Peer 1: 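One structure coming up, written as structure tokens, with questions to follow.
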Amino acid sequence: NTGGVSMIEIGKVISSTPGTIHILLNSIEDFERNKPKIKVSRYISIEDGNDLNILASIQNVSAVQSNDAGTINYIVVCTPIGCYQETDNGISFRQGGVNLPSPTEPAYLPDDEVINAIFSGNDNFSFYIGHLSNNETVNYFVDGNRFFGKHIAVVGSTGSGKSCAVSRLLQNILKIKEGRNENADNLKNAHMIIFDIHSEYQSAFTLEEQEKFHLNCLDVEKLCLPYWLMNSQELEALFIESNEINSHNQISQFKKAVILSKEKHNPRMERITYDTPVYFDICEVYRYIKNKNNEVINKNETMPHLPKRSDGTIIDNSNQIYLTEEVSFAATSTAKDAKASNGPYNGDFERFITRLETKLSDKRLRFITSSQKPNGEKYKTEDFGEILKQFLGYVDKCNVTIIDLSAIPFEVLSIVVSLLSRIIFDFAFHYSKIRHSMGLVNDIPFMLVCEEAHNYIPKNGGAEYAASKQSIERIAKEGRKYGLNLMVVSQRPSEVSDTIFSQCNNFVVLKLTNVNDQNCIKNLLPDNNVSLVAVLPTLAAGECLVVGDAVPLPAVVKMDMPDPFPNSSNVNVYDEWNKDWIDIVFDDVIRRWRKE
């Protein structure tokens with residue numbers, strides 16, 4: 001009996017180092033009798049004097065032949081994870097701060113009362129994750145404010161259950177269970193935005209009409225993402241090839257045209273810049289560039305050295321004319337009376353013009369280049385609020401917004417992710433500043449779920465990933481201050497930007513079989529949790545290692561299955577191949593293909 005709690009002594013400490021404690025079990029009989037509790041990832045309690053007990057996690061159990069013939073000694077290797085003591089208010093546990101036990105200190109199997117006291121829900125640890133894998137009677141709770149108020153990483157190999165884990169976590173917040181919405185009569189203030197790469201999550205948040213749960217699902221047909229919301233980096237990534245020799249000239253004239261068009265369409269606004277999110281006409285920019293490419297300048301000394309039309313007249317307001325009219329320029333000439341020569345950019349923008357034409361005529365990019373209201377009108381500056389509402393779920397008061405990126409062309413995926421995440425960040429930033437000016441904090445926090453993050457925020461990548469990396473890395477570094485948090489989901493953590501993962505405070509790690517991915521997670525975990533990485537290849541589907549500053553202590557947890565289920569199950573290939581031949585209506589496939 002130790003500290004008022006009943007425990008079974010099983011052995012004594014024979015050696016201890018800062019990260020490892022070796023315990024010699026008393027006898028084979030003790031081992032056989034308690035074998036179900038002496039397993040990897042179960043717990044051992046060790047006396048530390050002053051009414052304190054060290055709680056350690058079992059890492060290894062080995063049998064060693066002793067000097068006496070036929071005698072087996074059992075050695076248990078464990079890692080200290082915290083200490084606890086009994087108080088008037090129950091058992092008090094704290095992570096870390098462990099004094100290493102001296103050899104001969106007794107070791108015990110802690111009673112279930114101790115383990116339940118450490119893991120049970122209370123005012124601090126109130127968000128339910130699942131139950132301990134090695135003890136189904138013990139529920140596992142984390143600190144909800146610390147867990148969702150800081151960035152989260154959810155990682156695991158293909159088939160390990162990442163989509164189910166993410167769905168279950170979000171359903172737990174929303175009180176969705178077994179297809180029922182417990183908040184049906186009381187809409188809560190939760191705000192989640194999911195970047196869905198594979199169209200998996202819509203089914204996980206689609207409930208029966210009587211459950212009064214509205215889902216905001218934006219696919220390429222519904223998404224309104226007008227090009228004028230883009231900043232300079234995103235616009236240039238979409239329309240300019242950065243590796244061309246004259247790209248600096250393309251950028252300078254493109255920038256000038258964009259600003260001129262913004263000023264033209266927003267005459268009441270002052271201090272308009274390249275990055276100001278106001279309407280401009282991309283067709284005007286195209287005309288401006290085309291005129292610059294064909295421009296001929298008058299060199300006749302009797303007239304101003306300005307652009308010259310084919311009828312011999314001079315253009316003295318080219319900035320405005322070039323936006324609205326495709327000019328027919330005079331021919332170059334060395335004759336004294338008709339002397340004219342090519343403008344500074346004449347002929348330089350042929351490839352640039354072709355690229356602009358291609359982008360503007362590409363039907364796959366209509367949601368960017370020609371997004372329209374339901375009545376067919378263009379979105380203008382005054383519609384910015386309506387556009388924001390669709391991203392943030394405020395059109396129909398939706399807790400969950402799914403942005404389906406599955407049909408987005410890969411060449412613009414990074415730009416789309418960049419634009420969406422930047423707009424969400426900027427909204428959180430400015431809303432927070434308004435609240436701070438009143439002495440208040442942001443009362444509308446958002447969580448941005450980045451599914452398959454390695455596709456658009458990779459560790460290594462060219463200029464095509466620059467925009468999305470910059471936007472999401474900014475959220476990782478600064479978002480928490482403004483009520484915007486990330487949940488980064490990936491099957492290849494070793495291929496995701498280091499900046500992103502280094503800012504994550506909590507990790508939900510499912511089965512990882514790749515050594516590089518295991519090492520990546522090992523390097524991110526606190527030193528006293530590193531040994532837990534050894535269990536990652538052996539986890540079953542739905543089991544996860546939960547580590548971070550929101551957890552009572554790291555543990556392997558079995559999560560409940562989500563209900564409804566995400567559409568992420570694999571095809572049962574063998575079963576399908578054993579069915580009778582199935583004909584395909586190819587016309588249906590082709591029609592959908594062409595439409596997208």
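Along the sequence shown, residues carry numbers from 1. Just so it is clear, the values below take in all heavy atoms, side chains as well, and ignore hydrogens, waters and symmetry mates. This one's a predicted model, so the numbers in the text were calculated from it and none came from an experiment.
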Peer 1: Shortest non-hydrogen contact from Ala407 to Val220?
Peer 2: CB-CG1, 3.9 Å
Peer 1: Between the main-chain N or O of Ala257 and the side-chain N or O of Ser261, is there a donor-acceptor pair closer than 3.5 Å?
Peer 2: no
Peer 1: Using 0.5 Å steps for rounding, measure from the CD1 atom of Ile387 to the CG atom of Leu225.
Peer 2: 8.5 Å
Peer 1: Kindly state whether the ring of Tyr394 and the ring of His191 have centres lying under 6.0 angstrom apart.
Peer 2: yes
Peer 1: Do we see a donor-acceptor contact under 3.5 Å between the side chains of Thr499 and Ser502?
Peer 2: no
Peer 1: Does a side-chain heavy-atom distance below 4.5 Å link Phe367 with Cys224?
Peer 2: no
Peer 1: Could you report the tightest heavy-atom contact between Lys162 and Ser490, atom names first, then the distance?
Peer 2: CD-O, 3.4 Å
Peer 1: Once you measure the plane-to-plane angle for Tyr482 and Phe425, does it fall in the parallel (<30°), tilted (30-60°) or perpendicular (>60°) bin?
Peer 2: perpendicular
Peer 1: Within this structure, what is the CD-OG distance for the pair Glu200 and Ser163, rounded to the nearest 0.5 Å?
Peer 2: 3.5 Å
Peer 1: I'd like to know if the side chain of Asn505 reaches the main chain of Lys150, judged simply by a donor and an acceptor atom lying under 3.5 Å from each other, with no hydrogens or angles considered.
Peer 2: no
Peer 1: Are the side chains of Leu486 and Cys450 in contact, using a 4.5 Å heavy-atom criterion?
Peer 2: yes
Peer 1: In plain terms, say whether Asp443 and Arg435 are close enough for a salt bridge, that is, a side-chain N and a carboxylate O under 4.0 Å apart.
Peer 2: yes
Peer 1: Could you check whether Gln518 and Asn514, counting side-chain N and O atoms only, form a donor-acceptor pair closer than 3.5 Å?
Peer 2: no
Peer 1: Would you confirm whether Asn399, through its side chain, and Lys188, through its main-chain N or O, come within 3.5 Å as a donor-acceptor pair?
Peer 2: yes
Peer 1: Is there a side-chain contact between Val142 and Tyr128 in this structure, where contact means two heavy atoms from C-beta onward sitting under 4.5 Å apart?
Peer 2: no
Peer 1: Spell out, as yes or no, whether a donor-acceptor pair under 3.5 Å connects the side chain of Arg366 to the backbone of Lys363.
Peer 2: yes
Peer 1: Relative to the ring of Phe501, is the ring of Phe507 parallel (under 30°), tilted (30 to 60°) or perpendicular (over 60°)?
Peer 2: tilted
Peer 1: Pair Phe391, Phe427 - check ring-ring contact (aromatic ring centres under 6.0 Å, His included), show working.
Peer 2: CA-CA 11 Å; Phe391 301 150; Phe427 170 82; over 10 Å; no
Peer 1: Hydrogens and angles aside, do Gln372 and Tyr379 bring a side-chain donor and acceptor to less than 3.5 Å of each other?
Peer 2: no
Peer 1: Just wondering, do Ile521 and Leu512 contact through their side chains at under 4.5 Å, heavy atoms?
Peer 2: yes
Peer 1: When you check the gap from the basic side-chain N to the acidic O, do Asp426 and Arg474 get nearer than 4.0 Å?
Peer 2: yes
Peer 1: Output all residues satisfying salt bridge (charged side-chain N to carboxylate O under 4.0 Å, His left out) with Glu386, sequence neighbours left out; order by chain, then residue number.
Peer 2: Lys389
Peer 1: Is the number of heavy atoms from other residues, nucleotides or ligands within 6.0 Å of CG (Leu440) greater than 12?
Peer 2: yes
Peer 1: Quick one about Gln470 and Ser418 (side-chain donor to acceptor, distance below 3.5 Å, no hydrogens or angles considered), yes or no?
Peer 2: no
Peer 1: For Glu263, I'd like to know if atom CD has over 12 heavy atoms of other residues, nucleotides or ligands within 6.0 Å.
Peer 2: yes
Peer 1: Should the ring pair Tyr279 and Tyr227 be called parallel, tilted or perpendicular, given that the plane angle runs from 0 to 90° and is split at 30 and 60?
Peer 2: tilted
Peer 1: Going by atom types alone, do Ser199 and Ser406 pair a side-chain donor with an acceptor below 3.5 Å?
Peer 2: yes
Peer 1: Examine distances only and state if a side-chain atom of Asp404 and a backbone atom of Leu218 form a donor-acceptor pair shorter than 3.5 Å.
Peer 2: no
Peer 1: Among Glu478, Glu234, Glu473, which residue satisfies the salt bridge (charged side-chain N to carboxylate O under 4.0 Å, His left out) criterion with Arg422?
Peer 2: Glu234
Peer 1: Considering residues, nucleotides and ligands other than Glu270, do more than 12 of their heavy atoms fall under 6.0 Å from its CD?
Peer 2: no
Peer 1: Would you say Tyr465 and Asn460 are linked by a side-chain donor-acceptor pair, where the criterion is simply a distance under 3.5 Å?
Peer 2: no
Peer 1: Does atom NZ of Lys255 have more than 12 heavy-atom neighbours, drawn from other residues, nucleotides or ligands, at distances under 6.0 Å?
Peer 2: no
Peer 1: Ignoring hydrogens and angles, state whether a donor on the side chain of Glu236 or Tyr274 is under 3.5 Å from an acceptor on the partner side chain.
Peer 2: yes
Peer 1: So Phe352 and Phe349, would you call those rings parallel, tilted or perpendicular, with 30° and 60° as cut-offs?
Peer 2: perpendicular
Peer 1: Could you tell me if Ser432 and Asn442 have a donor-acceptor pair between their side chains, going purely by distance under 3.5 Å?
Peer 2: yes
Peer 1: Answer yes or no: does atom CG of Asn145 have more than 12 heavy-atom neighbours from other residues, nucleotides or ligands under 6.0 Å?
Peer 2: no
Peer 1: Could you walk me through whether Ser157 and Gln491 pass side chain to side chain donor-acceptor pair (under 3.5 Å), step by step?
Peer 2: CA-CA 5 Å; Ser157 301; Gln491 59 181 278; over 6 Å; no
Peer 1: Locate the shortest heavy-atom distance separating Asp563 from Arg168; write the atom from each residue and the value.
Peer 2: N-NH1, 3.9 Å
Peer 1: Count the heavy atoms of every other residue, nucleotide or ligand shown that sit under 6.0 Å from NZ of Lys222, and state whether that count exceeds 12.
Peer 2: no
Peer 1: Should Val400 and Asn216 count as side-chain neighbours, where that means a heavy-atom distance under 4.5 Å?
Peer 2: no
Peer 1: If only atom types and distance count, is the side chain of His151 paired as donor or acceptor with the main-chain N or O of Ala476 below 3.5 Å?
Peer 2: yes
Peer 1: Does Lys359 pair with Glu411 as a salt bridge, N-O distance under 4.0 Å?
Peer 2: no
Peer 1: Search all heavy atoms of Phe147 against all heavy atoms of Asn506 and return the closest pair with its distance.
Peer 2: CA-ND2, 3.7 Å
Peer 1: For the atom pair CG (Leu360) and CD1 (Ile282), what is the distance rounded to the nearest 0.5 Å?
Peer 2: 6.0 Å
